[in-house]
2 protein chains.
Amino acid sequence: MTPTQKLREALARKGLPLTQQRLAVFEALEKAKDHPSAEALHRALRGKYPSLSLATVYKTLQTLKDVGLAQVVNAPHAEARFDAITGVHHHAICRGCGRIEDVFDARLDRLSAPRVKGFELGAHSVHFYGLCGRCKTKKL
Amino acid sequence: MTPTQKLREALARKGLPLTQQRLAVFEALEKAKDHPSAEALHRALRGKYPSLSLATVYKTLQTLKDVGLAQVVNAPHAEARFDAITGVHHHAICRGCGRIEDVFDARLDRLSAPRVKGFELGAHSVHFYGLCGRCKTKKL
DNA sequence: ATGGGTGCAAAATGTTTGCAAGTCC
DNA sequence: GGACTTGCAAACATTTTGCACCCAT
């Protein structure tokens, strides 16, 4: 399935039209292997589509997320959240309200780093996503 | 060891003075169990220290990080980084330049969610931190 | 005494939004 | 034709910075 088909189909499922901008952003995102930012995508595309605006790139990425063709790797423009516990531990994060609970689990601490070309990896941290008690009830 | 001692010592190791503001922020951060944001800490402290500025809270958190007494749970005000791969996968993140590489590892995919009071957890993602090839050489 | 810290306000950064004009089906 | 999207600029939220004054050592 070509990118165009894949995108058209995913958009159609939500009744959304396929536009040139959406196709351009989607193709660029699929081609890039370095988890580009909105800014990076905009930069990469402005040669071919000089009128493409950064706001459109943001909106399109949101749309791609909505139709299940993209995801965000980190969680910015949320506030930074700090922790006085500097030892190894993990987190349960509520998708509803952003609440973060610490998770202590030796089994998770023991995970060994995978081999990634060139990287020298040390610490790791596991993020579990879900709904906290309050948001679970709210959603019903 | 009291918070004051712990803080004084960590700061002294880098030749930095202990101030009332630093102590206040550090104590508040240790006491809070909900991964407060800078804003939240500022709000919590303004009753007792009305002149404490938000900028100082930010600077202090940075300092606490530098001396190893705090860490950031998420990574905001970095740009959002997007990914067209929507399946389960993990990431290797370079502390030097922020580069993100995908990690595919079935062993990691299979991790079962821990029990966290009230939470209903689904997906998870493992972040490995380290230095990429380029930053490794730069640091030497 | 002096190097660094604090508080303020302004700048910077990343993202979102309102709206007129344009595009897709 | 009608709903949705685009591009622009302005708004927004979070974080950083410059600078005059102040505090810890």
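Hydrogens, waters and symmetry mates play no part in the numbers below; they use all other heavy atoms, side chains included. Below, chain A is the first sequence line, B the second, and so on; all start at residue 1.
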Rounded to whole Å, please give me the gap between [atom1] in [X] and [atom2] in [N].
X	N	atom1	atom2	value
A:Asp66	D:dC4	CG	C1'	14 Å
B:Leu64	C:dG5	CG	C1'	13 Å
B:Gln62	D:dT16	CD	P	7 Å
B:Leu54	C:dG7	CG	P	11 Å
B:Leu41	D:dT15	CG	C1'	15 Å
A:Leu52	D:dT5	CG	P	15 Å
A:Leu61	C:dT16	CG	C1'	13 Å
A:Leu23	D:dT6	CG	P	12 Å

Are there over 12 heavy-atom neighbours, none belonging to A:Glu120, within less than 6.0 Å of that residue's CD?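 12 or below, so no.
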Go through it in stages, so that I can follow the logic: the residues are A:His124 and B:His90, the test is ring-ring contact (aromatic ring centres under 6.0 Å, His included), and I'd like the CA-CA distance, side-chain angles, deciding distance and then a yes or no. CA-CA 11 Å; A:His124 65 270; B:His90 312 283; over 10 Å; no
Among C:dG7, C:dT15, D:dT6, which nucleotide sits nearest the side chain of A:Thr60?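 Shortest atom-to-atom distance from the side chain points to D:dT6.
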Of the listed nucleotides D:dT15, C:dG7, D:dT6, the one nearest the side chain of B:Tyr58: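 Given the options D:dT15, C:dG7, D:dT6, the side chain of B:Tyr58 is closest to D:dT15.
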Looking at A:Gln21, does any N or O in its side chain come under 4.0 Å of the phosphate oxygens OP1/OP2 on D:dG7?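 Result: yes.
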Report yes if a side-chain nitrogen or oxygen of A:Ser53 is closer than 4.0 Å to either non-bridging phosphate oxygen (OP1 or OP2) of D:dC8; otherwise report no.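 Checking A:Ser53 against D:dC8: no side-chain N or O falls below 4.0 Å of OP1 or OP2.
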Could you list the donor-acceptor pairs under 3.5 angstrom formed between side-chain atoms of residues 2-17 of chain B and any protein atom two or more places apart in sequence or on another chain?
residue : atom : partner : partner atom : Å
B:Thr2  : OG1  : B:Thr4  : N            : 3.4
B:Thr2  : OG1  : B:Gln5  : N            : 3.1
B:Gln5  : OE1  : B:Thr2  : N            : 3.0
B:Lys6  : NZ   : B:Glu30 : OE2          : 3.0

What does nucleotides 19-25 of chain D look like as a protein-contact string, B for base, S for sugar-phosphate only, - for none, at under 4.0 angstrom between heavy atoms? -----SS
Closest heavy-atom contact between A:His91 and A:Ser125?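 Taking A:His91 first and A:Ser125 second, the nearest heavy atoms are ND1-OG, 4.3 Å.
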Which residue lies toward the 5' end of DNA chain C, B:Arg22 or B:Pro50, if each is placed at its nearest nucleotide?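 Upstream on the strand: B:Arg22.
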Just checking B:Thr63: base, sugar-phosphate only, or nothing, at a heavy-atom cut-off of under 4.0 Å?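 Counting heavy atoms under 4.0 Å across all strands, no contact is made by B:Thr63.
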Could you give the distance from NZ (B:Lys136) to SG (B:Cys94), rounded to the nearest 0.5 Å?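 B:Lys136 NZ to B:Cys94 SG: 10.0 Å, rounded to 0.5 Å.
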Residues sharing A:Leu121's hydrophobic cluster, by side-chain heavy-atom contacts under 4.5 Å among ILVMFWY, directly or via others?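 Besides A:Leu121, the hydrophobic cluster comprises A:Val103, A:Leu108, A:Leu111, A:Val116, A:Phe119, A:Val126, A:Phe128, B:Val103, B:Leu108, B:Leu111, B:Val116, B:Phe119, B:Leu121, B:Val126, B:Phe128, listed by chain and residue number.
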Output yes when a side-chain donor or acceptor of A:Thr56 lies under 3.5 Å from a complementary backbone atom of A:Leu52, and no otherwise.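 Checking the backbone N and O of A:Leu52 against the side chain of A:Thr56, no donor-acceptor pair under 3.5 Å is found.
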